Amino acid sequence: MSRIGQKFSDLREQGKTALIPFITAGDPTPGITVGLMHDMVSAGANLIELGVPFSDPMADGPVIQRASERALEHHVSLHDVLQMVQTFREKDQNTPVILMGYLNPIEVMGYATFAEAASAAGVDGVLIVDIPPEEGEDLLQSLREKAIDQIYLLAPTSIPDRIGQICNVASGFVYYVSVKGVTGSSQLDTAAVAEKLEQIREKTALPVGVGFGIKDAATAAAVSQLADAVVVGSALVSRVEALRETPDEIGPALAEILSGMRRAMDAVH
Amino acid sequence: MATTAEKIIGTQPDDRGHFGVYGGLFVAETLMEPLKDLRLAYEEYMQDPEFLKELDEDLANYVGRPSPIYFAQRWSRELGGARIYLKREDLNHTGAHKVNNTIGQALLAKRMGKTRIIAETGAGQHGVATATVAARLGLECVVYMGAVDIVRQEANVYRMKLLGAEIRSVESGSKTLKDALNEAMRDWVTNIDDTFYIIGTVAGPHPYPAMVRDFQTVIGREAREQIQLQAGRLPDALVACVGGGSNAIGLFYPFLDDAAVDIYGVEAAGDGLETGHHAAPLCAGQPGVLHGNRTYLMEDKDGQIIETHSISAGLDYPGVGPEHAWLKDTGRAQYVAITDEEALDAFHALTKIEGIIPALESSHALAYAAKLAPTMESDKIILVNLSGRGDKDMHTVAAREGIEI
């Protein structure tokens, strides 16, 4: 079983929902990222989504766009991000790491080379925003050969047939984008999410994560009653941005948000 | 590799939007169903006699089509060599070819029951053409434009506002066309239910490259008939400028099966290809994925998109339509590049010798024709797409030459 599968199975036994924080690698500086990953695990994160900076993040809102821009000022490349994961793995062999980003940096590296390097670095899953299954067969093949899970997005606009089609190729978990919009956008409608998750669960036994619109402990707790994982991104990244001039305060600030979410999530189970 | 003897028209793209290995559908999941709905609507209405009749009437009575072709006799004589004909897209309503496409997409939006139109724009020509048709059809219109371009293209910003469009300044990334496209995509994904996104060029996810091409092929269909009437035969060469590539594909497409017609797409070499300051992905870039399709891109070794440079804002884009990428690889079309300086020379030449002020974009095509003509016999014919008029470029040209208007 993959590290992601194992993690979800352990959490299910404990009756817990997974908490998955997202930060952009290299934001605000490359040196800080690995430490932040450890801080987040200590504060109750179960898996980590690490954003690979890209010049044209079409599916992201302004908060995560600016995080990419800050990282790119330091020329943080896909290769650098893999290096960070490898360093993280020296101290943590237990927490799954998922890379989230856009296709072009992987195209340039080459699918097979990327899969090989990601596996060697200790990456467990890859979520590429702009590659639907229709275009992704070759990449999926390369990732499978290295036992890396490909995490797919499902959206409010995904009709049942399509949900089935995507779940057939997905592994690890599937990620439901809870709002029509970009990351960090509008209010999340818990009832609508519940309805859609029912449709998704009819099609797959994979764990279902929910993200886009988790702002605070209350929304995290509400979603944790429906989903197997709660993904929180912009709420953390906006703290990174606010504290970019005093980087020592970033780790404790992220830990505070995450431990608050952790407590609220555990309290409702 | 396809040879020119093989039939091309009607073979590309495949049903998932691929032109060979290029094109396709590289978007986030939220857009997959809306893009499918768009494709189905487009396929349905392009077969619908009512829709096509309305489109043709608008192209005739609102845009002013057909646009003429004009034999630039004095300029041809001066250059010495082939005879140069110009397809006068500069005479269209709003001053460029862009309106051929915005009319088509806006009629489609209306049929699909969408009440809100969004668009991206660089130089502002596509934004103006979109705001124009939105005004006429009574649709709400929002145009995304990079903060840098808003400063460079003040007059077009004002035109769009007069037409009732809301201009949203894009402050992310390089604050130019590519970032405006990102931002329009973000708006679309957020307002998918009531909003139609009118993309201005033959890029983006399927079906946009094929759909925009189909709306622009009116250029080539007319020109193919006109040149045979006026010159008695098909041209020996076609020349058009390529940013995203919509005017070029519009001219080229109806000639693709005419193996004897050479095809040249002209990219912006900016300060020169060797300087790196240019916007010529086909001449000096490599394949990658951006804005929903696989195509040639200007990118660095890490796959980050790099900033482009051209004196012409309409060519200042790091990607190119996937059909051009395919035409390049198959060898059916050749892609060349013209510097800012060469384009300016052609701008002045046409203005002084023929009394036609061309857009800086089109001036790139003219500059290449001026290089090509002297290498050909005087009985040969070059057909250039004069894709837009140069009124919008007065400030750019004057500033470059140290003149204050």
Side-chain angles (χ1 to χ4, degrees), chain A residues 52-62 65-66 68-69 71-72 75-81 101-110 114 127-136 152-159 161-163 165-166 174-177 179-183 185-186 212, chain B residues 15-18 21 23-37 170-175 178-195 204-206 286-295 297-307 318-319:
Chain A
V52 181
F54 183 51
S55 54
D56 293 80
M58 246 169 35
D60 284 298
Q65 285 172 48
R66 289 196 297 267
S68 252
E69 287 176 14
L72 289 177
H75 305 286
V76 174
S77 66
L78 179 54
H79 180 81
D80 296 330
V81 178
Y102 294 80
L103 183 59
N104 202 49
I106 296 174
E107 285 263 316
V108 168
M109 186 179 277
F114 167 70
L127 196 172
I128 300 153
V129 178
D130 56 351
I131 189 163
E134 289 88 337
E135 298 286 356
Y152 282 98
L153 296 174
L154 297 169
T157 50
S158 308
I159 57 169
D161 279 356
R162 189 164 171 82
I163 293 172
Q165 199 187 327
I166 291 173
V174 290
Y175 182 143
Y176 178 59
V177 173
V179 293
K180 290 178 195 167
V182 293
T183 50
S185 53
S186 57
F212 283 44
Chain B
D15 57 359
R16 290 193 293 143
H18 298 110
V21 300
L25 197 48
F26 294 87
V27 294
E29 175 60 20
T30 313
L31 289 175
M32 290 299 288
E33 279 299 310
L35 283 165
K36 189 175 96 184
D37 293 344
V170 177
E171 306 286 344
S172 56
S174 60
K175 304 181 175 63
K178 80 174 174 71
D179 310 285
L181 211 151
N182 293 335
E183 208 56 40
M185 241 357 143
R186 291 177 187 124
D187 178 314
W188 197 34
V189 86
T190 309
N191 301 292
I192 212 93
D193 296 329
D194 68 346
T195 297
H206 184 57
Q286 56 172 343
V289 172
L290 178 72
H291 292 153
N293 66 101
R294 183 177 278 121
T295 188
L297 298 176
M298 304 266 298
E299 60 186 0
D300 68 13
K301 64 177 184 8
D302 298 326
Q304 307 295 347
I305 306 308
I306 56 178
E307 287 186 26

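Just so it is clear, the structure is predicted and the values come from calculations on it, not from any experiment. Values reported hereafter were calculated over all heavy atoms of this structure, with side chains retained and with hydrogens, waters and symmetry mates removed. Chain A is the first sequence line, chain B the second, and so forth, proteins listed ahead of strands; every chain is numbered from 1.
- Of the two parts of Asp193(B), only the side chain, counted from C-beta on, holds a non-hydrogen atom closer than 4.5 Å to a non-hydrogen atom of chain A.
- Taking chain B as the reference chain and counting heavy-atom pairs below 4.5 Å, the highest number among Ile128(A), Val177(A), Leu154(A), Val108(A) is found for Val108(A).
- Contact annotation for Glu134(A): both backbone and side-chain heavy atoms come within less than 4.5 Å of a heavy atom of chain B.
- Panel note: side chain Thr295(B), backbone Gly319(B); no donor-acceptor pair is recorded below 3.5 Å.
- Salt bridge Glu69(A)/Arg66(A): absent, no basic N to carboxylate O contact under 4.0 Å.
- With respect to the salt-bridge test (charged N to carboxylate O, under 4.0 angstrom), the residues Glu307(B) and Lys178(B) do not qualify.
- With a 4.5 angstrom heavy-atom cutoff, Leu78(A) does not touch chain B via any of its atoms.
- Annotation: maximal heavy-atom pairing with chain A below 4.5 Å, among Glu33(B), Gln304(B), His291(B), occurs at Gln304(B).
- Between Arg162(A) and Glu29(B), at least one side-chain N (NZ, or NE/NH1/NH2) sits under 4.0 Å from a carboxylate O, which counts as a salt bridge.
- Contacts between Ile166(A) and chain B at a heavy-atom distance below 4.5 Å involve the side chain alone, from C-beta outward.
- Ranked by heavy-atom pairs under 4.5 Å with chain B, the list Val129(A), Ile131(A), Asp56(A) is led by Asp56(A).
- At a 4.5 Å heavy-atom cutoff, Glu171(B) makes no contact with chain A through either its backbone or its side chain.
- Both the backbone and the side chain of Pro57(A) come within less than 4.5 Å of a heavy atom of chain B.
- By the side chain to side chain contact (heavy atoms under 4.5 Å, CB included) test, Met298(B) pairs with His278(B), Pro281(B), Ile306(B), Thr308(B), Pro318(B), sequence neighbours left out.
- Every residue two or more places apart in sequence or in another chain was checked for a side chain to side chain donor-acceptor pair (under 3.5 Å) with Tyr175(A), and none qualifies.
- Heavy atoms closer than 4.5 Å to chain B are found nowhere in Ile106(A), neither backbone nor side chain.
- The parts of Ile305(B) that come within reach of chain A are both its backbone and its side chain, each placing non-hydrogen atoms under 4.5 angstrom from that chain.
- Asn182(B) places no side-chain N or O within donor-acceptor distance of the main-chain N or O of Met58(A), the cut-off being under 3.5 Å.
- Only the side chain of Ile192(B) comes within contact range of chain A, with at least one heavy atom under 4.5 Å from a heavy atom of that chain.
- Salt bridge status for Asp60(A) with Arg186(B): absent, with no side-chain N to carboxylate O gap under 4.0 Å.
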